[in-house]
Amino acid sequence: MVDVATIIAVVVSVATSTASLAYWLGKKFTEIEIRFNAIENRLEKLEESVGRLENVFVQFSEVLITML
């Protein structure tokens, strides 16, 4: 029959491997979340810049139409 010590050793090693994998994945997901937040901030700034550029073109068009 299987020895109790062998079962305990297998369970402990599997639990340790699972815990270390969960810790590593948690760390990686945190890094990914930080990167996505940085990308989101950059996209928001880009949207603001495009909005300002659009406003400049509208104002230029209005001035040009008024002068014509």
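When a residue number appears, it is its place in the shown sequence, counting from 1.
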Could you pull out all donor-acceptor pairs under 3.5 Å where a side-chain atom in residues 56-68 meets a protein atom, sequence neighbours excluded?
| from | atom 1 | to | atom 2 | distance (Å) |
| --- | --- | --- | --- | --- |
| Ser61 | OG | Phe57 | O | 2.9 |
| Thr66 | OG1 | Glu62 | O | 2.7 |

Show me the donor-acceptor pairs within less than 3.5 Å that the side chains of residues 8-25 make with the rest of the protein, sequence neighbours left out.
| from | atom 1 | to | atom 2 | distance (Å) |
| --- | --- | --- | --- | --- |
| Ser13 | OG | Ala9 | O | 3.3 |
| Ser13 | OG | Val10 | O | 2.9 |
| Thr16 | OG1 | Val12 | O | 2.7 |
| Ser17 | OG | Ser13 | O | 3.0 |
| Thr18 | OG1 | Val14 | O | 2.8 |
| Ser20 | OG | Thr16 | O | 3.3 |
| Ser20 | OG | Ser17 | O | 2.9 |

I'd like to know whether CD of Glu54 has more than 12 heavy-atom contacts from other residues, nucleotides or ligands below 6.0 angstrom. no
Approximate separation, where rounding is to 0.5 Å, of Leu46 CG and Ile39 CD1: 13.0 Å
Non-neighbouring partners of Glu40 that pass side-chain contact (heavy atoms from CB on, under 4.5 Å), sequence neighbours left out: Asn37, Glu44
Check this for me, if you would: do Glu31 and Lys28 make a salt bridge, where the nitrogen-to-carboxylate-oxygen distance has to be below 4.0 angstrom? yes
